[in-house]
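Shown next, in C-alpha coordinates, is the structure this report addresses.
Residue numbers start from 1 in every chain, and the chains themselves are labelled A, B, ... in the order their sequence lines are given, proteins ahead of strands. Not measured: the values here are computed from a predicted model.
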Amino acid sequence: MERTAVLARLTWQPATLQAVHPETPTARTLTLAVPGWEGHQPGQHLDLRLTAAGGYTAQRAYSIGSAPAAETVKLTVEVTPGGEVSPFLAHMAHPGVRVEVRGPLGGWFVWSPNEAGPVQLIGGGSGVVPLMSMLRTHRAIGHRAPMRLLYSVRSPDALLFAGELTAGDQVGAADHVTVVYSRQAPSGDLRGPGRVDAADIATHVLAAEDSPKCFVCGPTPFVEAVNELLGRAGHDLHQIRAERFGTGRT
Amino acid sequence: MNVVSEGFSGRQQAPGVNLLPPGQYLTRDFPVLSAGPTPKVDRRVWEFSIVTETGQEHHWDFASLLELGPEQIDIDLHCVTGWSKLATRWGGVPVEALLRAVGSTTAQHVLARSYGGYTTNVPLADLLHGQAWLAYEYDGAPLTPEHGGPVRLLIPHLYLWKSAKWLRQLDLTGASQPGFWERLGYHSYGDPWKEQRYWRD
Amino acid sequence: MTETPDFLDGNAAAGDLSQLFGTDMTHVSGPCLGCGQRVVIAQAHTFLGGPGTVLRCPGCDTVLLRMVRSPERIWLETSGMGYLEFVNHP
(Lines give C-alpha, C1' and ligand atoms only; values in the text may rest on other atoms or scores of the structure.)
Protein backbone atom coordinates (compact mmCIF):
# COMPACT_ATOMS: atom_id res chain seq x y z
CA MET A 1 0.00 0.00 0.00
CA GLU A 2 1.22 3.50 -0.79
CA ARG A 3 2.93 4.99 2.26
CA THR A 4 1.10 8.31 2.30
CA ALA A 5 -2.25 6.55 2.23
CA VAL A 6 -1.24 4.45 5.25
CA LEU A 7 -0.10 7.49 7.24
CA ALA A 8 -3.31 9.39 6.53
CA ARG A 9 -5.33 6.65 8.15
CA LEU A 10 -3.28 6.69 11.35
CA THR A 11 -4.10 10.26 12.33
CA TRP A 12 -7.36 11.56 13.67
CA GLN A 13 -9.97 12.50 11.13
CA PRO A 14 -13.40 14.04 11.60
CA ALA A 15 -16.53 11.94 11.31
CA THR A 16 -20.23 12.60 11.73
CA LEU A 17 -22.85 10.38 13.26
CA GLN A 18 -25.21 9.71 10.40
CA ALA A 19 -27.75 7.28 11.84
CA VAL A 20 -28.51 5.27 14.94
CA HIS A 21 -30.29 1.94 15.15
CA PRO A 22 -31.29 0.37 18.47
CA GLU A 23 -30.20 -3.24 18.89
CA THR A 24 -31.24 -3.85 22.50
CA PRO A 25 -32.37 -1.70 25.42
CA THR A 26 -28.69 -1.03 26.18
CA ALA A 27 -26.99 -1.13 22.79
CA ARG A 28 -27.30 0.51 19.45
CA THR A 29 -25.53 0.57 16.13
CA LEU A 30 -24.06 3.86 15.01
CA THR A 31 -23.44 4.64 11.37
CA LEU A 32 -20.60 7.13 10.97
CA ALA A 33 -19.94 9.11 7.83
CA VAL A 34 -16.16 9.41 7.47
CA PRO A 35 -15.03 11.51 4.50
CA GLY A 36 -12.17 9.79 2.71
CA TRP A 37 -12.59 6.47 4.51
CA GLU A 38 -11.40 3.74 2.19
CA GLY A 39 -12.74 0.69 3.94
CA HIS A 40 -11.23 -1.85 6.29
CA GLN A 41 -10.41 -5.52 6.67
CA PRO A 42 -13.03 -7.56 8.57
CA GLY A 43 -11.96 -7.71 12.21
CA GLN A 44 -10.32 -4.31 12.37
CA HIS A 45 -11.32 -1.57 14.75
CA LEU A 46 -11.01 2.16 15.00
CA ASP A 47 -10.26 4.56 17.82
CA LEU A 48 -13.01 7.09 18.45
CA ARG A 49 -12.41 10.37 20.26
CA LEU A 50 -14.96 12.65 21.86
CA THR A 51 -14.21 16.23 22.85
CA ALA A 52 -16.26 18.23 25.32
CA ALA A 53 -16.60 21.97 25.02
CA GLY A 54 -13.57 23.21 26.95
CA GLY A 55 -11.27 20.57 25.53
CA TYR A 56 -11.69 17.51 27.77
CA THR A 57 -11.26 14.41 25.61
CA ALA A 58 -11.92 10.73 25.96
CA GLN A 59 -11.13 8.02 23.46
CA ARG A 60 -12.08 4.37 23.12
CA ALA A 61 -11.48 1.61 20.63
CA TYR A 62 -14.54 0.20 18.83
CA SER A 63 -14.66 -2.76 16.50
CA ILE A 64 -16.15 -2.15 13.07
CA GLY A 65 -19.25 -4.30 12.61
CA SER A 66 -20.04 -3.49 8.99
CA ALA A 67 -18.57 -5.14 5.94
CA PRO A 68 -15.90 -2.99 4.26
CA ALA A 69 -17.25 0.07 2.50
CA ALA A 70 -16.03 3.50 1.48
CA GLU A 71 -17.12 6.61 3.40
CA THR A 72 -19.09 4.87 6.16
CA VAL A 73 -18.55 2.50 9.08
CA LYS A 74 -20.90 0.95 11.58
CA LEU A 75 -20.03 0.48 15.22
CA THR A 76 -22.20 -1.17 17.87
CA VAL A 77 -21.91 0.29 21.36
CA GLU A 78 -23.13 -1.46 24.49
CA VAL A 79 -23.64 0.67 27.60
CA THR A 80 -21.44 -0.22 30.53
CA PRO A 81 -22.93 1.27 33.72
CA GLY A 82 -20.84 4.08 35.14
CA GLY A 83 -18.95 4.41 31.91
CA GLU A 84 -18.04 7.78 30.53
CA VAL A 85 -18.14 7.24 26.78
CA SER A 86 -20.57 4.37 26.22
CA PRO A 87 -23.63 6.03 27.80
CA PHE A 88 -23.09 9.03 25.55
CA LEU A 89 -22.74 6.96 22.39
CA ALA A 90 -25.41 4.39 23.21
CA HIS A 91 -28.09 6.74 24.56
CA MET A 92 -27.43 10.42 23.99
CA ALA A 93 -25.57 11.09 20.77
CA HIS A 94 -27.90 12.03 17.93
CA PRO A 95 -27.31 12.15 14.18
CA GLY A 96 -25.22 15.19 13.40
CA VAL A 97 -22.89 14.82 16.37
CA ARG A 98 -19.29 15.19 15.35
CA VAL A 99 -16.51 12.89 16.55
CA GLU A 100 -13.02 11.95 15.45
CA VAL A 101 -11.80 8.54 14.37
CA ARG A 102 -8.41 6.98 13.78
CA GLY A 103 -8.01 3.84 11.74
CA PRO A 104 -8.69 1.26 10.58
CA LEU A 105 -6.43 -0.41 13.10
CA GLY A 106 -5.13 -3.89 13.72
CA GLY A 107 -3.75 -6.14 11.01
CA TRP A 108 -3.59 -9.33 13.04
CA PHE A 109 -7.16 -9.96 14.18
CA VAL A 110 -8.35 -9.96 10.58
CA TRP A 111 -10.10 -12.43 8.26
CA SER A 112 -9.30 -11.97 4.62
CA PRO A 113 -11.73 -13.23 1.95
CA ASN A 114 -8.61 -14.41 0.08
CA GLU A 115 -8.38 -17.24 2.57
CA ALA A 116 -10.03 -20.42 1.43
CA GLY A 117 -10.08 -22.37 4.69
CA PRO A 118 -12.92 -22.91 7.15
CA VAL A 119 -13.48 -20.27 9.83
CA GLN A 120 -14.85 -20.56 13.35
CA LEU A 121 -16.01 -17.36 15.04
CA ILE A 122 -16.69 -17.35 18.79
CA GLY A 123 -18.01 -14.18 20.38
CA GLY A 124 -19.14 -13.21 23.85
CA GLY A 125 -21.46 -10.24 24.31
CA SER A 126 -20.26 -7.24 22.31
CA GLY A 127 -17.30 -9.37 21.20
CA VAL A 128 -19.55 -10.45 18.36
CA VAL A 129 -19.15 -7.06 16.64
CA PRO A 130 -15.86 -7.63 14.76
CA LEU A 131 -17.04 -11.16 13.99
CA MET A 132 -20.15 -9.66 12.36
CA SER A 133 -17.89 -7.76 9.99
CA MET A 134 -16.39 -11.11 8.99
CA LEU A 135 -19.77 -12.82 8.68
CA ARG A 136 -21.34 -9.97 6.73
CA THR A 137 -18.39 -9.88 4.34
CA HIS A 138 -18.55 -13.65 3.92
CA ARG A 139 -22.25 -13.44 3.07
CA ALA A 140 -21.98 -10.37 0.86
CA ILE A 141 -19.45 -11.97 -1.47
CA GLY A 142 -20.95 -15.48 -1.34
CA HIS A 143 -17.74 -16.94 0.05
CA ARG A 144 -17.93 -20.75 -0.12
CA ALA A 145 -15.66 -21.75 2.77
CA PRO A 146 -17.58 -22.90 5.85
CA MET A 147 -17.94 -20.16 8.47
CA ARG A 148 -19.57 -20.81 11.80
CA LEU A 149 -20.41 -18.38 14.56
CA LEU A 150 -20.91 -19.43 18.17
CA TYR A 151 -22.33 -16.40 19.96
CA SER A 152 -22.71 -16.39 23.72
CA VAL A 153 -25.03 -13.74 25.09
CA ARG A 154 -26.43 -13.03 28.54
CA SER A 155 -30.13 -13.26 27.68
CA PRO A 156 -32.46 -13.00 24.68
CA ASP A 157 -32.90 -9.25 25.13
CA ALA A 158 -29.13 -8.75 24.95
CA LEU A 159 -28.88 -10.34 21.50
CA LEU A 160 -27.22 -8.00 19.00
CA PHE A 161 -27.99 -8.15 15.26
CA ALA A 162 -31.00 -10.33 16.04
CA GLY A 163 -32.52 -9.80 12.62
CA GLU A 164 -29.47 -11.23 10.87
CA LEU A 165 -28.60 -14.04 13.20
CA THR A 166 -31.53 -16.36 12.78
CA ALA A 167 -30.61 -19.68 14.30
CA GLY A 168 -29.70 -22.45 11.93
CA ASP A 169 -28.73 -22.37 8.29
CA GLN A 170 -30.00 -19.99 5.73
CA VAL A 171 -30.83 -21.84 2.51
CA GLY A 172 -27.71 -22.10 0.40
CA ALA A 173 -25.54 -20.27 2.87
CA ALA A 174 -22.07 -21.52 3.71
CA ASP A 175 -22.38 -20.14 7.24
CA HIS A 176 -24.08 -21.33 10.38
CA VAL A 177 -24.91 -19.38 13.52
CA THR A 178 -25.52 -20.80 17.00
CA VAL A 179 -26.60 -18.59 19.87
CA VAL A 180 -26.14 -19.78 23.44
CA TYR A 181 -27.30 -17.99 26.55
CA SER A 182 -25.19 -17.58 29.65
CA ARG A 183 -27.69 -16.31 32.25
CA GLN A 184 -31.22 -16.54 30.94
CA ALA A 185 -32.35 -18.65 28.03
CA PRO A 186 -35.62 -18.35 26.09
CA SER A 187 -38.34 -20.81 27.06
CA GLY A 188 -38.04 -23.96 25.01
CA ASP A 189 -34.28 -23.64 24.71
CA LEU A 190 -33.04 -27.19 25.33
CA ARG A 191 -29.49 -26.22 26.27
CA GLY A 192 -30.55 -23.89 29.10
CA PRO A 193 -28.48 -21.01 30.40
CA GLY A 194 -24.78 -21.45 31.13
CA ARG A 195 -21.32 -20.35 30.09
CA VAL A 196 -19.70 -21.83 27.00
CA ASP A 197 -18.31 -25.24 27.93
CA ALA A 198 -16.66 -28.28 26.38
CA ALA A 199 -20.02 -29.69 25.25
CA ASP A 200 -20.75 -26.48 23.32
CA ILE A 201 -17.36 -26.70 21.63
CA ALA A 202 -17.93 -30.34 20.71
CA THR A 203 -21.44 -29.68 19.39
CA HIS A 204 -21.18 -26.35 17.61
CA VAL A 205 -17.56 -25.67 16.73
CA LEU A 206 -15.80 -26.91 13.61
CA ALA A 207 -13.64 -29.92 14.35
CA ALA A 208 -9.97 -29.42 15.11
CA GLU A 209 -9.12 -31.87 12.28
CA ASP A 210 -10.57 -29.38 9.80
CA SER A 211 -7.93 -26.87 10.91
CA PRO A 212 -10.30 -23.94 11.03
CA LYS A 213 -8.97 -20.48 11.66
CA CYS A 214 -10.61 -19.44 14.94
CA PHE A 215 -11.45 -15.89 15.90
CA VAL A 216 -12.39 -15.40 19.55
CA CYS A 217 -13.59 -12.05 20.86
CA GLY A 218 -15.24 -10.77 24.00
CA PRO A 219 -14.46 -9.84 27.59
CA THR A 220 -11.05 -11.04 28.75
CA PRO A 221 -12.36 -13.83 31.02
CA PHE A 222 -14.54 -15.15 28.17
CA VAL A 223 -11.61 -15.20 25.75
CA GLU A 224 -9.31 -16.91 28.24
CA ALA A 225 -11.92 -19.58 28.97
CA VAL A 226 -12.73 -20.22 25.30
CA ASN A 227 -9.07 -20.41 24.30
CA GLU A 228 -8.55 -23.00 27.01
CA LEU A 229 -11.53 -25.02 25.75
CA LEU A 230 -10.35 -24.86 22.14
CA GLY A 231 -6.91 -26.01 23.18
CA ARG A 232 -8.37 -28.98 25.06
CA ALA A 233 -10.49 -29.83 22.01
CA GLY A 234 -7.31 -30.20 20.00
CA HIS A 235 -7.21 -26.90 18.14
CA ASP A 236 -3.75 -25.65 17.24
CA LEU A 237 -3.16 -22.49 19.27
CA HIS A 238 -1.47 -20.90 16.27
CA GLN A 239 -4.79 -21.10 14.43
CA ILE A 240 -6.57 -19.08 17.13
CA ARG A 241 -6.67 -15.29 17.01
CA ALA A 242 -8.17 -13.45 19.95
CA GLU A 243 -9.24 -9.94 20.79
CA ARG A 244 -9.96 -9.12 24.41
CA PHE A 245 -12.37 -6.42 25.47
CA GLY A 246 -11.90 -5.20 29.00
CA THR A 247 -14.25 -6.03 31.81
CA GLY A 248 -13.95 -2.48 33.05
CA ARG A 249 -16.08 0.57 32.56
CA THR A 250 -16.18 2.39 29.27
CA MET B 1 -7.69 21.01 16.48
CA ASN B 2 -10.34 18.66 17.82
CA VAL B 3 -13.92 18.77 16.70
CA VAL B 4 -16.33 19.20 19.62
CA SER B 5 -18.75 16.34 20.25
CA GLU B 6 -21.99 18.10 21.08
CA GLY B 7 -23.52 16.94 24.34
CA PHE B 8 -20.46 15.05 25.66
CA SER B 9 -19.08 16.05 29.02
CA GLY B 10 -17.38 12.89 30.25
CA ARG B 11 -16.33 12.08 33.74
CA GLN B 12 -15.48 15.60 34.78
CA GLN B 13 -17.56 17.41 37.36
CA ALA B 14 -18.84 20.95 36.93
CA PRO B 15 -16.15 23.60 36.54
CA GLY B 16 -15.64 26.28 39.12
CA VAL B 17 -13.91 24.17 41.73
CA ASN B 18 -10.76 25.99 42.81
CA LEU B 19 -9.31 23.30 45.04
CA LEU B 20 -7.64 21.52 42.15
CA PRO B 21 -4.08 21.66 40.90
CA PRO B 22 -3.67 23.04 37.38
CA GLY B 23 -4.90 20.80 34.58
CA GLN B 24 -6.88 18.46 36.82
CA TYR B 25 -10.56 17.64 36.74
CA LEU B 26 -12.70 16.47 39.59
CA THR B 27 -14.14 12.96 39.63
CA ARG B 28 -16.40 11.08 42.03
CA ASP B 29 -15.21 7.72 40.71
CA PHE B 30 -12.08 6.04 41.93
CA PRO B 31 -10.45 4.84 38.73
CA VAL B 32 -8.27 1.78 38.98
CA LEU B 33 -5.23 2.10 36.76
CA SER B 34 -2.43 -0.38 36.72
CA ALA B 35 0.77 -1.25 34.92
CA GLY B 36 0.30 -4.95 35.41
CA PRO B 37 -1.69 -7.75 36.97
CA THR B 38 -3.00 -7.10 40.46
CA PRO B 39 -0.93 -8.88 43.09
CA LYS B 40 -3.01 -10.84 45.57
CA VAL B 41 -1.13 -10.75 48.85
CA ASP B 42 -2.99 -11.74 51.99
CA ARG B 43 -2.45 -9.61 55.11
CA ARG B 44 -1.25 -12.71 56.90
CA VAL B 45 1.66 -13.24 54.51
CA TRP B 46 2.46 -9.59 53.73
CA GLU B 47 6.02 -8.59 54.58
CA PHE B 48 7.60 -5.18 54.48
CA SER B 49 11.25 -4.14 54.70
CA ILE B 50 13.25 -0.97 54.92
CA VAL B 51 16.75 -1.48 53.54
CA THR B 52 19.29 1.18 54.40
CA GLU B 53 22.10 2.49 52.20
CA THR B 54 24.48 0.19 54.09
CA GLY B 55 22.35 -2.88 53.41
CA GLN B 56 20.86 -3.14 56.89
CA GLU B 57 17.36 -4.56 56.81
CA HIS B 58 14.40 -3.92 59.06
CA HIS B 59 11.29 -6.07 58.75
CA TRP B 60 7.63 -5.80 59.63
CA ASP B 61 4.63 -8.00 59.15
CA PHE B 62 1.04 -6.78 59.27
CA ALA B 63 0.64 -7.32 63.01
CA SER B 64 3.79 -5.37 63.84
CA LEU B 65 2.65 -2.59 61.49
CA LEU B 66 -0.62 -2.24 63.41
CA GLU B 67 1.30 -1.85 66.67
CA LEU B 68 2.83 1.41 65.46
CA GLY B 69 -0.21 3.55 66.09
CA PRO B 70 -2.62 3.83 63.17
CA GLU B 71 -4.33 7.11 62.38
CA GLN B 72 -7.12 8.42 60.20
CA ILE B 73 -5.93 10.07 57.02
CA ASP B 74 -8.13 12.55 55.09
CA ILE B 75 -6.55 13.53 51.83
CA ASP B 76 -7.07 14.56 48.22
CA LEU B 77 -5.70 12.43 45.41
CA HIS B 78 -4.25 13.85 42.18
CA CYS B 79 -3.47 11.45 39.36
CA VAL B 80 -1.14 12.53 36.58
CA THR B 81 -3.68 11.24 34.04
CA GLY B 82 -5.84 14.21 35.01
CA TRP B 83 -8.38 13.14 37.59
CA SER B 84 -8.51 14.35 41.17
CA LYS B 85 -10.60 12.87 43.93
CA LEU B 86 -11.12 14.99 47.00
CA ALA B 87 -11.73 14.14 50.64
CA THR B 88 -10.77 10.48 50.60
CA ARG B 89 -10.46 8.72 53.92
CA TRP B 90 -7.80 6.16 54.68
CA GLY B 91 -6.36 4.41 57.72
CA GLY B 92 -2.68 3.81 58.15
CA VAL B 93 0.62 4.43 59.87
CA PRO B 94 2.92 7.42 59.22
CA VAL B 95 6.06 6.35 57.39
CA GLU B 96 8.22 8.08 60.00
CA ALA B 97 6.94 5.67 62.65
CA LEU B 98 8.77 2.93 60.75
CA LEU B 99 11.75 5.07 59.91
CA ARG B 100 12.30 5.57 63.63
CA ALA B 101 13.32 1.91 63.83
CA VAL B 102 16.03 2.55 61.28
CA GLY B 103 17.74 5.20 63.34
CA SER B 104 20.15 7.51 61.65
CA THR B 105 20.83 7.45 57.94
CA THR B 106 22.83 9.50 55.48
CA ALA B 107 20.46 8.55 52.67
CA GLN B 108 18.48 11.38 51.15
CA HIS B 109 16.39 9.39 48.68
CA VAL B 110 14.05 6.45 48.74
CA LEU B 111 13.08 3.88 46.14
CA ALA B 112 9.71 2.28 46.92
CA ARG B 113 9.24 -1.28 45.68
CA SER B 114 5.96 -3.08 45.18
CA TYR B 115 4.88 -6.67 44.92
CA GLY B 116 4.76 -7.27 41.16
CA GLY B 117 7.86 -5.18 40.45
CA TYR B 118 6.64 -1.59 40.32
CA THR B 119 9.01 1.05 41.66
CA THR B 120 8.92 4.79 42.26
CA ASN B 121 11.36 7.22 43.83
CA VAL B 122 10.86 10.05 46.32
CA PRO B 123 13.16 12.24 48.44
CA LEU B 124 13.37 10.92 52.01
CA ALA B 125 12.34 14.32 53.35
CA ASP B 126 8.97 13.97 51.58
CA LEU B 127 8.16 10.90 53.67
CA LEU B 128 8.57 12.75 56.98
CA HIS B 129 6.59 15.28 59.02
CA GLY B 130 3.15 13.85 58.44
CA GLN B 131 3.44 13.84 54.67
CA ALA B 132 3.30 10.10 54.00
CA TRP B 133 1.74 6.89 55.27
CA LEU B 134 1.60 3.17 54.86
CA ALA B 135 -2.17 2.83 54.35
CA TYR B 136 -4.18 -0.38 54.81
CA GLU B 137 -7.74 0.90 55.04
CA TYR B 138 -9.84 2.86 52.61
CA ASP B 139 -13.31 4.21 53.32
CA GLY B 140 -13.49 2.33 56.59
CA ALA B 141 -12.74 -1.11 55.14
CA PRO B 142 -9.58 -3.13 54.53
CA LEU B 143 -7.77 -1.84 51.47
CA THR B 144 -8.67 -4.03 48.49
CA PRO B 145 -6.07 -5.40 46.06
CA GLU B 146 -7.34 -3.26 43.20
CA HIS B 147 -6.52 -0.11 45.17
CA GLY B 148 -3.17 -1.39 46.34
CA GLY B 149 -3.98 -3.58 49.33
CA PRO B 150 -3.01 -5.00 51.69
CA VAL B 151 -0.70 -2.00 52.20
CA ARG B 152 0.15 0.91 49.93
CA LEU B 153 2.20 4.05 50.21
CA LEU B 154 0.33 7.35 50.34
CA ILE B 155 2.10 10.61 49.54
CA PRO B 156 -0.77 13.01 48.80
CA HIS B 157 1.32 16.09 48.07
CA LEU B 158 2.77 14.36 45.00
CA TYR B 159 1.02 12.85 41.97
CA LEU B 160 -0.60 9.54 42.77
CA TRP B 161 1.89 7.40 40.80
CA LYS B 162 4.29 8.06 43.69
CA SER B 163 1.86 6.40 46.12
CA ALA B 164 3.06 2.91 45.34
CA LYS B 165 0.43 0.20 45.60
CA TRP B 166 1.17 -3.27 47.00
CA LEU B 167 4.10 -1.84 48.96
CA ARG B 168 6.80 -4.34 49.87
CA GLN B 169 9.99 -2.42 50.53
CA LEU B 170 11.64 0.97 50.85
CA ASP B 171 15.29 1.28 49.84
CA LEU B 172 17.15 4.22 51.37
CA THR B 173 19.62 5.43 48.79
CA GLY B 174 22.35 8.03 48.52
CA ALA B 175 21.47 9.14 45.03
CA SER B 176 18.03 9.36 43.51
CA GLN B 177 17.17 6.20 41.58
CA PRO B 178 14.40 6.72 39.02
CA GLY B 179 11.52 4.28 39.27
CA PHE B 180 9.27 2.60 36.72
CA TRP B 181 7.67 5.72 35.26
CA GLU B 182 10.46 8.15 36.12
CA ARG B 183 12.68 6.24 33.73
CA LEU B 184 10.32 6.80 30.82
CA GLY B 185 9.31 10.44 30.76
CA TYR B 186 7.71 11.14 34.11
CA HIS B 187 9.03 13.87 36.37
CA SER B 188 11.43 12.80 39.09
CA TYR B 189 9.62 14.78 41.82
CA GLY B 190 6.00 15.15 40.64
CA ASP B 191 4.46 18.16 42.42
CA PRO B 192 0.91 18.52 41.07
CA TRP B 193 0.69 22.16 42.16
CA LYS B 194 3.61 22.97 39.87
CA GLU B 195 2.22 20.60 37.27
CA GLN B 196 5.42 18.53 37.23
CA ARG B 197 4.11 15.68 35.10
CA TYR B 198 6.95 14.97 32.66
CA TRP B 199 10.68 15.49 32.30
CA ARG B 200 11.60 19.17 31.77
CA ASP B 201 8.29 20.36 33.22
CA MET C 1 -17.86 3.65 42.54
CA THR C 2 -14.71 1.63 41.98
CA GLU C 3 -13.72 0.57 38.51
CA THR C 4 -11.84 -2.54 37.47
CA PRO C 5 -8.60 -2.24 35.50
CA ASP C 6 -8.76 -3.16 31.86
CA PHE C 7 -6.66 -6.22 31.12
CA LEU C 8 -6.62 -6.10 27.35
CA ASP C 9 -4.40 -7.37 24.59
CA GLY C 10 -2.12 -5.64 22.13
CA ASN C 11 -5.00 -5.00 19.73
CA ALA C 12 -6.07 -2.23 22.11
CA ALA C 13 -2.72 -0.46 21.73
CA ALA C 14 -2.89 -0.64 17.92
CA GLY C 15 -3.82 3.02 17.48
CA ASP C 16 -1.00 4.58 19.48
CA LEU C 17 1.66 2.11 18.34
CA SER C 18 0.64 2.18 14.70
CA GLN C 19 0.56 5.95 14.63
CA LEU C 20 4.09 6.02 16.04
CA PHE C 21 5.53 3.46 13.63
CA GLY C 22 3.46 4.44 10.63
CA THR C 23 2.35 0.88 10.07
CA ASP C 24 0.28 -1.79 11.77
CA MET C 25 2.07 -3.08 14.84
CA THR C 26 -0.30 -5.78 16.03
CA HIS C 27 1.27 -8.45 13.83
CA VAL C 28 4.81 -7.61 15.03
CA SER C 29 6.42 -10.31 17.15
CA GLY C 30 9.57 -11.04 19.08
CA PRO C 31 11.06 -13.12 21.90
CA CYS C 32 10.31 -12.26 25.52
CA LEU C 33 13.61 -11.70 27.28
CA GLY C 34 12.09 -13.05 30.48
CA CYS C 35 11.08 -16.52 29.27
CA GLY C 36 12.06 -16.77 25.62
CA GLN C 37 8.47 -17.24 24.40
CA ARG C 38 7.75 -15.69 21.03
CA VAL C 39 5.00 -13.12 21.56
CA VAL C 40 2.84 -11.41 18.95
CA ILE C 41 2.10 -7.82 19.98
CA ALA C 42 -1.62 -8.45 19.42
CA GLN C 43 -1.56 -11.07 22.17
CA ALA C 44 0.52 -9.23 24.76
CA HIS C 45 -1.31 -8.54 28.00
CA THR C 46 -1.96 -4.84 27.76
CA PHE C 47 -2.56 -2.26 30.47
CA LEU C 48 -3.91 1.11 29.37
CA GLY C 49 -5.27 4.18 31.02
CA GLY C 50 -2.53 4.71 33.56
CA PRO C 51 0.48 6.96 33.18
CA GLY C 52 1.47 4.90 30.16
CA THR C 53 0.76 1.86 28.06
CA VAL C 54 2.37 -1.38 29.22
CA LEU C 55 2.56 -4.61 27.24
CA ARG C 56 3.53 -7.77 29.13
CA CYS C 57 4.40 -11.30 28.18
CA PRO C 58 1.32 -13.56 28.44
CA GLY C 59 3.54 -16.31 29.77
CA CYS C 60 5.66 -14.63 32.44
CA ASP C 61 4.37 -11.02 32.80
CA THR C 62 7.74 -9.51 31.90
CA VAL C 63 7.30 -5.98 30.62
CA LEU C 64 7.91 -6.21 26.87
CA LEU C 65 7.17 -2.67 25.81
CA ARG C 66 6.10 0.61 27.41
CA MET C 67 4.94 3.89 25.92
CA VAL C 68 4.37 7.28 27.53
CA ARG C 69 2.81 10.24 25.76
CA SER C 70 3.06 13.86 26.83
CA PRO C 71 1.60 16.75 24.84
CA GLU C 72 4.96 17.21 23.13
CA ARG C 73 6.76 13.88 23.36
CA ILE C 74 6.35 10.15 23.07
CA TRP C 75 8.72 7.80 24.87
CA LEU C 76 8.95 4.17 23.88
CA GLU C 77 11.04 1.42 25.33
CA THR C 78 11.03 -2.15 24.06
CA SER C 79 13.76 -3.59 26.25
CA GLY C 80 11.70 -6.62 27.24
CA MET C 81 11.79 -7.96 23.69
CA GLY C 82 14.90 -9.39 22.13
CA TYR C 83 13.95 -7.90 18.78
CA LEU C 84 10.90 -6.79 16.82
CA GLU C 85 10.07 -8.82 13.75
CA PHE C 86 7.98 -7.07 11.09
CA VAL C 87 6.55 -8.60 7.92
CA ASN C 88 8.42 -7.07 4.99
CA HIS C 89 6.06 -5.86 2.30
CA PRO C 90 8.19 -5.28 -0.80
Contact leader toward chain C among T81(B), L160(B), L184(B), where contacts are heavy-atom pairs under 4.5 Å: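 Ranked by heavy-atom pairs under 4.5 Å with chain C, first place is L184(B).
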
Residue, of G116(B), G185(B), G36(B), that accumulates the most heavy atom pairs under 4.5 Å with chain C: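 Sorted descending by pairs with chain C, the first entry is G36(B).
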
L76(C), part contacting chain B, at a heavy-atom distance under 4.5 Å: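 It is the backbone, since no side chain atom gets that close.
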
Atom group of R73(C) that falls short of 4.5 Å from chain B, counting heavy atoms: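 The side chain, not the backbone.
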
If you compare all heavy atoms of [X] against all heavy atoms of [Y], which two are closest, and at what distance to 0.1 Å?
| X | Y | value |
| --- | --- | --- |
| P51(C) | W161(B) | CG-CB, 4.3 Å |
| T53(C) | W181(B) | N-CH2, 4.5 Å |
| R56(C) | A35(B) | NE-O, 2.8 Å |

K165(B): partners by salt bridge (charged side-chain N to carboxylate O under 4.0 Å, His left out), with sequence neighbours left out: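 For K165(B) there are no salt bridge (charged side-chain N to carboxylate O under 4.0 Å, His left out) partners, ignoring immediate neighbours.
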
Residues of residues 32-42 of chain C with any heavy atom under 4.5 Å of a heavy atom in chain B: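 From residues 32-42 of chain C, none sit under 4.5 Å of chain B.
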
Note, S70(C) side chain near Y186(B) side chain (heavy atom, < 4.5 Å):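 Side chain of S70(C) against side chain of Y186(B), heavy atoms only: no contact under 4.5 Å found.
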
Interface residues of residues 194-201 of chain B facing chain C - heavy atom cut-off under 4.5 Å: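 Within residues 194-201 of chain B, the residues under 4.5 Å from chain C are Y198(B), W199(B), R200(B).
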
Neighbourhood of chain C inside residues 43-77 of chain B, taking heavy atoms under 4.5 Å as contact: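 Within residues 43-77 of chain B, near chain C: nothing under 4.5 Å.
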
Contact class of F180(B) relative to chain C, heavy atoms under 4.5 angstrom: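 Both backbone and side chain of F180(B) come within 4.5 Å of chain C.
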
